[in-house]
Each structure stands twice: as C-alpha cells, then as structure tokens.
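These numbers were taken from a predicted model, which means no experiment stands behind them.
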Amino acid sequence: MHKNRIYNFNAGPAALPETVLEEIRESFLNFDGSGMSITEISHRSKWFDDVINDAVARTKRLLKLDEHFHVLFIQGGASMQFCMIPMNFLADGKSADYVDTGTWSSKAIHEARLQDKPIQVIASSKEENYSCIPENLQFNADARYVHLTSNNTIKGTQWADFPDTGGIPLVSDMSSDIMSRPLDTDKFGFIYAGAQKNIGPAGICMAIIRDDMLENIPDNLPSMLKYTTYTAKNSMYNTPPCFSIYTVQLVLKWLEETIGGLDKMEAINQEKSDILYNFFDSGDFYRGTAKLSDRSKMNVTFRLPDEELEKTFVALAMEEGLGGLKGHRSVGGCRASIYNATTLSAVKALVDFMKTFERQNG
Ligand SMILES: *Cc1c(COP(=O)(O)O)cnc(C)c1O
C-alpha cells in the first residue's frame, strides 16, 4: 500500500483498487497515445469507443451474460433508476411486486408510487428493523417484474440466493454488490448499480437489460429517461461521463485479469467477511446487527456496548489509518464496508485494531 493512504472502509464512494488508480495517473495526461487526457477527448472518438466497448464486453464476460442482454451506462446514479424502471416497464396500468428491505428499496417504492403505478409491496422486513431478508414470498402472477435490493448497504443484509418467481423477471438494485459474486442471470430482466460502491467512481450507473424488457416501453417518454435511447446509441445519445466509464473499464479489467473473475472474487469476499463475523461471534464486545443467515459480505454492520464507545472507536480507528467505520447517519452504530477493492490486509488490520480497542475498553 502507498504511504499516506488509509485503509478505506467507506460505504460509497468507496475504495478502488490501488493499481487502477495508478493506471489512471499514468495515463492521465496522455491517454493511449492521443496526446490528450481521457477527460479531454471526444466521446465520438475511436479512443473512447474502445473504452466503452471494452467495458461492455468485460461486463458480459464477467457475468456470463448471453446475447439477450444489453449493458448500458446511464447518469443520475442508482436513484434515477427508481423512477425510470416504473416509467419504462409499467405502461398500460401493469403492476409490479416490490420487496422492502430498507432505505433503498423504500425509495424505489416511493418513486413508483409518485407515478401512481399500481405496485404492490409483497413483503417487508420493516417490523424486524430491516435486520433480515423476508422469507416465503408470494408473487402476484400478473406482476410485470419483482423488484428487490440485492444488498442492503445501510443495514448490512444481503440476499444469499434469489427467489424463484415462477418466470416473472427480477429487477434488482445491485449497487453495493454487483460483481462481488457470480450470478445466475437467467432470473433477471434488469439489473442496475450505481458505480461508486463496487465498480468505479460516482457519475455513472451500470444497467443490464434483457431484450424482452425493451418491448412495450412507451414511445412518448423523455428521450433521456427511456432505455431504448440508450440501447440504440450505445449509451452515447448525449455526452457520457467519459472519465467514470473509463475507470469502470479499468476496474473490470482488474477483476478479470488480476483477480481472475467472479468465482475468485467471491472466495476473497467470503474470506474477508468470515474474518470479521467470526471475530464478532467469538466474543460479546462487538455485536453484528444483521440476522446470521442474511449477513452482508459487503457491508458489515455492528454495535459496541454503548454509543460513547462507538464514537471513540470510530475516532481512534481514524487516527490509526482505518477510515469510514461510522454507521449510516440514519441508523448509527458502526459499519465496515468491505467491497471488492478492500484488501484482505485491510480487514486483518481492522481486526487487530478491534482487538486492541476491546482490551483497552472492554
Ligand atoms: C448507494 C445506493 C443507492 C444510491 O445510489 P446513487 O448512485 O447515489 O443514487 C441506491 N441503492 C443502493 C443499494 C445503494 O447502496
């Protein structure tokens, strides 16, 4: 690790692979022999075409997407998708099922309701303070899609497996766990992810859409809010955030060539999260907040015996070069976000710090 850099446990924007940052630095003044920076070249140039096409190709290879899927880049973050999804997929009074597992699902539900779409919340873990994933889901047979948040960044829960919907396409917000594990993509009609958690900087949302989801999109939607605009123009109807897409491309290259794909990535993520959860479970000073079977491998949420100690813990950790451990402002407590780019050594350094802190304050 470079000196002056910290172990970064931020929830988002979050850590990027250090080698990717170095590659950006190397190429920043003169991209690919162009004599220009990636932030200065035309998005209509061959240079940028190569970047976006490579990002798309790598996404397809990593997720083993078949020819029915399109990979798009859309601005407005994951939050823009909360409104675009019902706008595009729920024409003609069609309904959809939503599963409520926390803040981000609730926002997706809110945006669909703002448009008066007849959606149904078929399950919620609100009563359990969102500490788990609902079980035994019952789907409405006429639902156009089932929306769920694959990983709940704030509460630290994650779908370990995806439900069998009987053929209704799953639509999933994967902002905080995309590319962290292999996916059985057959079940999905639409996947989206704000890049700033696991695959790049803020400024871009990756969207993966299956052919059949493009049917019946209303013609009269605003061009920028219509998926067919993006499929028709390779995500370049207007000027895309070239720098963000370039960084995503480099992260995907790192995933393929340095890590060796999503099976490998999943094994590393499993090891990292096991280290933390096994440590919590070996004592009673640190207490995980999520139900055991639904624990997230990306966002590890935990409490200390009291709030004063939590404050001291976060502050002292920062002094030791371990940043971003404060829980989301809406829930308090502590959270270590251990996305793909957070290294095993970062996690080991965190556990060492936690042991020392416990000895001194337990
Ligand atoms: C961070 C996050 C969002 C919001 O992403 P923006 O790009 O800021 O809109 C949505 N969903 C999940 C699961 C997130 O983690």
Chi angles and distances behind the side-chain contact (heavy atoms from CB on, under 4.5 Å) call for S296, N152: CA-CA 8 Å; S296 168; N152 298 284; over 6 Å; no
Derivation and outcome, salt bridge (charged side-chain N to carboxylate O under 4.0 Å, His left out), residues K348 and D352: CA-CA 6 Å; K348 287 179 177 161; D352 285 344; over 6 Å; no
Check against side-chain contact (heavy atoms from CB on, under 4.5 Å), D54 and R58: CA-CA 6 Å; D54 189 59; R58 288 185 189 279; 2.8 Å; yes
Stepwise side-chain contact (heavy atoms from CB on, under 4.5 Å) check, S124 with Y130: CA-CA 8 Å; S124 172; Y130 295 124; 4.1 Å; yes
Residue pair V171, M213: steps toward the side-chain contact (heavy atoms from CB on, under 4.5 Å) verdict: CA-CA 10 Å; V171 167; M213 300 297 286; 4.2 Å; yes
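Side chain to side chain, N340 and S180 fail the donor-acceptor criterion of an N or O pair below 3.5 Å. Side chains of D294 and T157: no donor on one and acceptor on the other come within 3.5 Å. In the model, N53 has a side-chain atom that pairs as donor or acceptor with a side-chain atom of N234 under 3.5 Å.
Taking the six-membered ring wherever Trp is involved, the centroid distance between the rings of F353 and F313 falls below 6.0 Å. Aromatic ring centres of F280 and F302: separated by under 6.0 Å. Between F69 and F188, the ring center distance fails the sub-6.0 Å criterion.
Separation of atoms CG (L90) and CD1 (I217) is listed at 11.0 Å; rounding is to 0.5 Å. Considering CD of Q138 and OG1 of T165, their distance stands at 12.5 Å, rounded to 0.5 Å. Rounding to the nearest 0.5 angstrom, the gap separating the CD1 atom in I191 from the CG atom in D173 is 11.0 Å. Atom CE in M87 sits 8.5 Å away from atom CD in E111 (nearest 0.5 Å). To the nearest 0.5 Å, atom CG of residue D116 and atom CZ of residue R113 are 11.0 Å apart. Note that CG of L29 and CD of E40 are 8.0 Å apart. Values are rounded to the nearest 0.5 Å.
You'll find the side chain of I338 reaches within 4.5 Å of the side chain of L276, heavy atoms only. Contact annotation: the side chain of M80 approaches that of L225 to within less than 4.5 Å [non-hydrogen atoms, C-beta and beyond]. Using a 4.5 Å heavy-atom cutoff, the side chains of T312 and Q360 are not in contact. A heavy-atom distance below 4.5 Å is found between the side chains of L309 and F357. At a threshold of 4.5 Å between non-hydrogen side-chain atoms, the residues K155 and T289 do not count as touching. No side-chain heavy atom of Y98 sits under 4.5 Å from any side-chain heavy atom of S105. In this structure, the side chains of I245 and Q249 stay at 4.5 Å or more apart for every pair of heavy atoms. P241 places a side-chain heavy atom less than 4.5 Å from the side chain of Q75.
When atom types are taken as modelled, the side chain of S150 and the backbone of S172 share no donor-acceptor pair closer than 3.5 angstrom. A donor-acceptor pair under 3.5 Å is formed between the side chain of S235 and the backbone N or O of F73. Judged purely by atom type and a 3.5 angstrom limit, Y286 uses its side chain to pair as donor or acceptor with the backbone of M354. One N or O on the side chain of Q115 and one on the backbone of C83 form a donor-acceptor pair closer than 3.5 Å. The main-chain N or O of T342 is found under 3.5 Å from a side-chain atom of K272 such that the two form a donor-acceptor pair. In this structure, the side chain of R335 engages the main chain of T153 through a donor-acceptor pair within 3.5 Å. With hydrogens and angles disregarded, a donor-acceptor distance shorter than 3.5 Å links the side chain of E310 to the backbone of L304. Side-chain atoms of Q120 never come within 3.5 Å of backbone atoms of S95 as a donor-acceptor pair (strictly under, hydrogens ignored). At distances below 3.5 Å, at least one donor-acceptor pair connects side-chain atoms of W159 with backbone N or O atoms of T149. In this structure, N88 contributes its side chain and Y227 its backbone to a donor-acceptor pair below 3.5 Å.
Contact check on D50 versus K46 returns a salt bridge, with a Lys/Arg side-chain nitrogen under 4.0 Å from an Asp/Glu carboxylate oxygen. A salt bridge is absent between K291 and E128; no separation between the charged side-chain nitrogens and carboxylate oxygens falls under 4.0 Å. Under 4.0 Å is where a charged nitrogen must lie from a carboxylate oxygen, and between K355 and E358 no such pair does.
Around NZ of K94, the count of heavy atoms belonging to other residues, nucleotides or ligands within 6.0 Å does not exceed 12. Environment of CD in E307: sparse, with no more than 12 heavy atoms of neighbouring residues, nucleotides or ligands closer than 6.0 Å. Surrounding CG of D306 are more than 12 heavy atoms belonging to other residues, nucleotides or ligands, all under 6.0 Å away. Other residues, nucleotides and ligands place more than 12 heavy atoms under 6.0 Å from the CZ atom of R44. When the shell of 6.0 Å around CG of D212 is examined, it contains more than 12 heavy atoms from other residues, nucleotides or ligands. Residue-environment remark: NZ (K117) exceeds the threshold of 12 foreign heavy atoms within 6.0 Å. Taking a 6.0 Å sphere around CG of D184, one finds it holds more than 12 heavy atoms contributed by other residues, nucleotides or ligands. The number of heavy atoms from other shown groups lying within 6.0 Å of CD (E257) is above 12.
Note on ring orientation: taking the six-membered ring where Trp is involved, the planes of F89 and F190 are perpendicular (angle over 60°, cut-offs 30° and 60°). Ring geometry, Y192 versus H147: the interplanar angle falls from 30° to 60°, so the pair is classed tilted.
Hydrophobic clustering places I38 together with V251 (ILVMFWY residues linked when any side-chain heavy atoms are closer than 4.5 Å, directly or through intermediates). Placement of I209 and F162 in two distinct hydrophobic clusters is found when ILVMFWY residues are connected by side-chain heavy-atom separations under 4.5 Å, directly or transitively. Hydrophobic clustering (side-chain heavy atoms under 4.5 Å, transitive across Ile, Leu, Val, Met, Phe, Trp, Tyr) keeps Y145 apart from L148. There is a path of hydrophobic side-chain contacts, each under 4.5 Å, that joins L262 to V20. The same ILVMFWY cluster, assembled from side-chain heavy atoms under 4.5 Å apart, contains both L63 and I204.
The one candidate from N299, N269, D177 that meets the side-chain hydrogen bond (donor to acceptor under 3.5 Å, both in side chains) condition with Y339 is N299. Each of F28, F31, F48 was scored for a ring-ring contact (aromatic ring centres under 6.0 Å, His included) with Y246, with one residue passing: F31.
Taking the centre and axis of the six-membered ring of W104, the NZ or CZ atom of K197 falls inside the cone set by 45° and 6.0 Å.
Listed here is the closest heavy atom pair of S125 and C132: OG-O, 3.0 Å.
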